[in-house]
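Comments concern the structure below.
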Amino acid sequence: MELSKRITQITGGSDGWEVFNRARRMLNEGHAVTELTIGEHDVRTDPSILHAMDLSARNGHTGYATVPGTDLLRDTVAARVQSRTGIPTTRNNVLITPGGQSALFAAHMAVCDPGDTGLFLDPYYATYPGTIRGAGAIARAVRTAAEDAFQPRADLIDAAAEGAVSLLINTPNNPTGVVYSRQSLEAIADVCQRRDLWLISDEVYDTQIWEGEHLSARALPGMADRTLVIGSMSKSHAMTGSRCGWIVGPEYVIRHLIDLATHTTYGVPGFIQDAASFALTAGHELENKIAAPFRRRRSLAINVLAAQNTVGLVPAQGSMYLMLDVRATGLTGEEFANALLDTHAIAVMPGESFGKAAAGHIRVAMTVDDEKFVSALRTLCAFSAQLAKRHAAE
Ligand code: PMP
């Protein structure tokens, strides 16, 4: 039986998770593997959030919740977004979704017709092209470059914009750890307005800023009417398994997105939403507590990397990842990641899993305890130095 092109073309074969899957198999077979692959915190959801979840469920919030999200959570998200951006935002600008991933899909469903082109920036979070294709659109990559410290270039976006209807960006960025500068975002806003593009702005790492400040593109002049912001509880509150995120955008877009949600997800469990409302109003302390290990490990990593000169560090300004340049070893990111796994049982993601622009790089998730993390990084650097020496002698 034939399946739809829409579903068979989502990944186009390889999904970039091969090294990750191999590491998982090794772990299941009983090998000790240091896992620096996916963006999963090494702490679980805070007990105070679980308490709020439990209380809500016991109070009966286990039935169908209203599809757009509870008034409480929509109001809470609106107030948070307004206080961070200065842009007037009400619950009518907010749809609660089962995680940021389904928000990314819904946003593309809202703005792309089948056959339309959606732009995204390379390197990219692994699901991006598949999400755009899943919505029936053509996914077109625009490169950012190591030479530009992976800041997006408006001239390249402009050159790719012919026939496109949307642009997907992500700051703080997964996989690079780069925070887009005001200058980059203003230039993007300018292209979007000139080329009449929707901007889908994935800001799920907005509480993980180590250098500079997070700027939401929705806050830039003229952008609130054409920007859909993607948010999530996953990274800010270590609630990856709770599947709770949102889209913030113009009211009429949200109205249509509610139709989509009614016919797809039918909302998010009420007790999860109550837990999210609690977490978002619990103050910055809770967010800071969850971000702190990554901030600390990033500093530790900078120290380890300062003591060698084989591995390059892409400016680590935000998010829970470091992007390392391993081109001096003469290996591709994929070859390097496989060799590191085989030789030292350390699992990292090859840059190539995130697109062509990250070739020769690897992404390291800062998601194991400090001691293990530093030791893995030291091993990685020593291994790179050996490989680089051998490569130079070839
Ligand atoms: N966007 C980015 C950039 C991500 O890294 C992730 C998850 N790793 C998501 C969206 C989706 O997160 P979730 O669905 O858990 O909210």
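Values below: every heavy atom of this structure, side chains too, minus hydrogens, waters and symmetry copies. Every value quoted in this text rests on a predicted model; they were computed, and no experiment measured them.
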**Study point:** From CA spacing to verdict: side-chain contact (heavy atoms from CB on, under 4.5 Å), Met26, Leu341
**Key:** CA-CA 10 Å; Met26 286 168 68; Leu341 183 58; 3.7 Å; yes

**Study point:** Check against side-chain contact (heavy atoms from CB on, under 4.5 Å), Phe271 and Met53
**Key:** CA-CA 5 Å; Phe271 54 92; Met53 200 182 286; 3.8 Å; yes

Check your understanding: Passes ring-ring contact (aromatic ring centres under 6.0 Å, His included), Tyr64 versus Tyr266? Steps please.
Key -> CA-CA 8 Å; Tyr64 290 124; Tyr266 213 78; 5.4 Å; yes

Check your understanding: Under the side-chain hydrogen bond (donor to acceptor under 3.5 Å, both in side chains) criterion, do Arg295 and Asn288 qualify, and how do the steps go?
Key -> CA-CA 10 Å; Arg295 182 187 293 279; Asn288 292 343; 5.8 Å; no

**Study point:** Stepwise side-chain contact (heavy atoms from CB on, under 4.5 Å) check, Glu352 with Thr332
**Key:** CA-CA 8 Å; Glu352 291 83 359; Thr332 64; 3.4 Å; yes

**Study point:** Derivation of the side-chain contact (heavy atoms from CB on, under 4.5 Å) call for His361 and Leu324
**Key:** CA-CA 5 Å; His361 290 69; Leu324 303 180; over 6 Å; no

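Taking each heavy atom of Thr329 and Ser384 in turn, the nearest pair found is CG2-O, 3.6 Å. The shortest non-hydrogen separation linking Ala135 to His108 is CB-CB, 3.9 Å. Residues Glu213 and Val179 share a closest heavy-atom pair of O-CG1, 3.7 Å. For Ser242 against Ile272, the heavy-atom pair with the smallest separation is O-CG2, 3.5 Å. Between Ala358 and Pro123, the shortest heavy-atom contact is CB-CB, 3.7 Å. Ala164 and Leu119 make their closest contact through CB-CG, 3.7 Å (heavy atoms, listed as atom of the first residue, atom of the second, distance).
More than 12 heavy atoms of other residues, nucleotides or ligands shown are found within 6.0 angstrom of CD on Glu394. Taking a 6.0 Å sphere around NE2 of His31, one finds it holds more than 12 heavy atoms contributed by other residues, nucleotides or ligands. Atom CZ of Arg296 has more than 12 heavy atoms from other residues, nucleotides or ligands within 6.0 Å.
A heavy-atom distance below 4.5 Å is not found between the side chains of Val178 and Pro172. Between Arg218 and Val81, some side-chain heavy-atom pair lies under the 4.5 Å cut-off. Side-chain contact between Leu197 and Leu199: absent, with no pair of heavy atoms (C-beta onward) separated by less than 4.5 Å. Looking at Tyr128 and Leu104, their side chains come closer than 4.5 Å, going by heavy atoms from C-beta outward. Within the 4.5 Å cutoff, side-chain heavy atoms of Glu334 are placed close to those of Asn338. Contact annotation: the side chain of Leu380 approaches that of Ile362 to within less than 4.5 Å [non-hydrogen atoms, C-beta and beyond]. In this structure, the side chains of Pro68 and Arg74 come closer than 4.5 Å at one or more pairs of heavy atoms. The side-chain heavy atoms of Thr367 and His41, taken from C-beta on, include no pair separated by under 4.5 Å.
The backbone N or O of Gly99 sits nowhere less than 3.5 Å from a side-chain atom of Trp246 that would complete a donor-acceptor pair. Without hydrogens or angle criteria, Asp325 side chain to Leu313 main chain gives no donor-acceptor distance under 3.5 Å. Checked by atom type and distance alone, the side chain of Asn303 never pairs as donor or acceptor with a backbone atom of Leu300 at under 3.5 Å. The main-chain N or O of Ala339 is found under 3.5 Å from a side-chain atom of Thr343 such that the two form a donor-acceptor pair. The closest donor-acceptor contact from the side chain of Gln273 to the backbone of Val268 lies under 3.5 Å. Between the Asp206 side chain and the Gln208 main chain, no donor and acceptor come within less than 3.5 Å of each other. Looking at Asp148, its side chain never comes within 3.5 Å of a backbone N or O of Phe150 through a donor-acceptor pair. The closest donor-acceptor contact from the side chain of Asn59 to the backbone of Ser56 lies at 3.5 Å or more, if one exists at all. Between the Thr227 side chain and the Ala224 main chain, no donor and acceptor come within less than 3.5 Å of each other. In terms of modelled atom types and a separation under 3.5 Å, the side chain of Thr70 and the main chain of Thr66 share no donor-acceptor contact.
Thr37 and Glu35 share a donor-acceptor pair across their side chains, judged by distance under 3.5 Å alone. Looking at Asp274 and Ser277, their side chains never bring a donor and an acceptor atom within 3.5 Å of each other. Side-chain atoms of Arg255 and Asn92 form no donor-acceptor pair, as typed in the model, at a separation below 3.5 Å. Residues Glu287 and Ser236 have side chains that never bring a donor and an acceptor to within less than 3.5 angstrom of each other. Glu203 and Thr171 are not linked by any side-chain donor-acceptor pair at a separation below 3.5 angstrom, with hydrogens and angles left out of the test.
A salt bridge does not link Arg140 to Asp122: none of the charged side-chain nitrogens sits closer than 4.0 Å to a carboxylate oxygen. Glu29 and Arg25 are not joined by a salt bridge, as no carboxylate oxygen comes within less than 4.0 angstrom of a charged side-chain nitrogen. A salt bridge links Arg194 to Asp158: at least one charged side-chain nitrogen sits closer than 4.0 Å to a carboxylate oxygen. A salt bridge is absent between Arg297 and Asp369: the closest approach of a Lys/Arg side-chain nitrogen to an acidic carboxylate oxygen does not fall below 4.0 angstrom.
Clustering ILVMFWY residues whenever any of their side-chain heavy atoms sit less than 4.5 angstrom apart, transitively, puts Ile200 in a cluster other than the one holding Leu185. Note on Leu167 and Val165: separate hydrophobic clusters, where clusters join Ile, Leu, Val, Met, Phe, Trp and Tyr whose side-chain heavy atoms are under 4.5 Å apart, directly or indirectly. Residues Ile346 and Trp17 fall into different hydrophobic clusters, defined by Ile, Leu, Val, Met, Phe, Trp and Tyr side chains chained together at heavy-atom separations under 4.5 Å. Each of Ile258 and Val94 belongs to its own hydrophobic cluster when Ile, Leu, Val, Met, Phe, Trp and Tyr are linked at side-chain heavy-atom distances under 4.5 angstrom. Using a 4.5 Å cut-off between side-chain heavy atoms of Ile, Leu, Val, Met, Phe, Trp and Tyr, with links allowed through other members, Val33 and Phe20 fall into different hydrophobic clusters.
With sequence neighbours excluded, the residues forming a side chain to side chain contact (heavy atoms under 4.5 Å, CB included) with Val253 are Ala110, Trp198, Leu228, Pro250, Leu257, listed by chain and number. Shown here are the side chain to side chain donor-acceptor pair (under 3.5 Å) partners of Asp75, two or more places apart in sequence or in another chain: Arg91.
We find the SG-CZ distance between Cys192 and Arg195 to be 11.0 Å, quoted to the nearest 0.5 Å. Rounded to the nearest 0.5 angstrom, Ser102 OG and Arg243 CZ are separated by 7.5 Å. Rounding to the nearest 0.5 Å places OG of Ser353 at 12.0 Å from OH of Tyr125. If you take CG on Leu121 and CG on Asn173, they are separated by 8.0 Å, rounding to the nearest 0.5 Å. Atom-to-atom distance recorded for Thr265:OG1 and Phe105:CZ is 11.0 Å, nearest 0.5 angstrom. Distance check: Arg327 CZ to Thr310 OG1 gives 14.0 Å after rounding to the nearest 0.5 Å.
Ring centers of Tyr205 and Tyr321: under 6.0 Å apart, within the cut-off. You'll find the ring centres of Phe336 and Phe383 inside the 6.0 Å limit.
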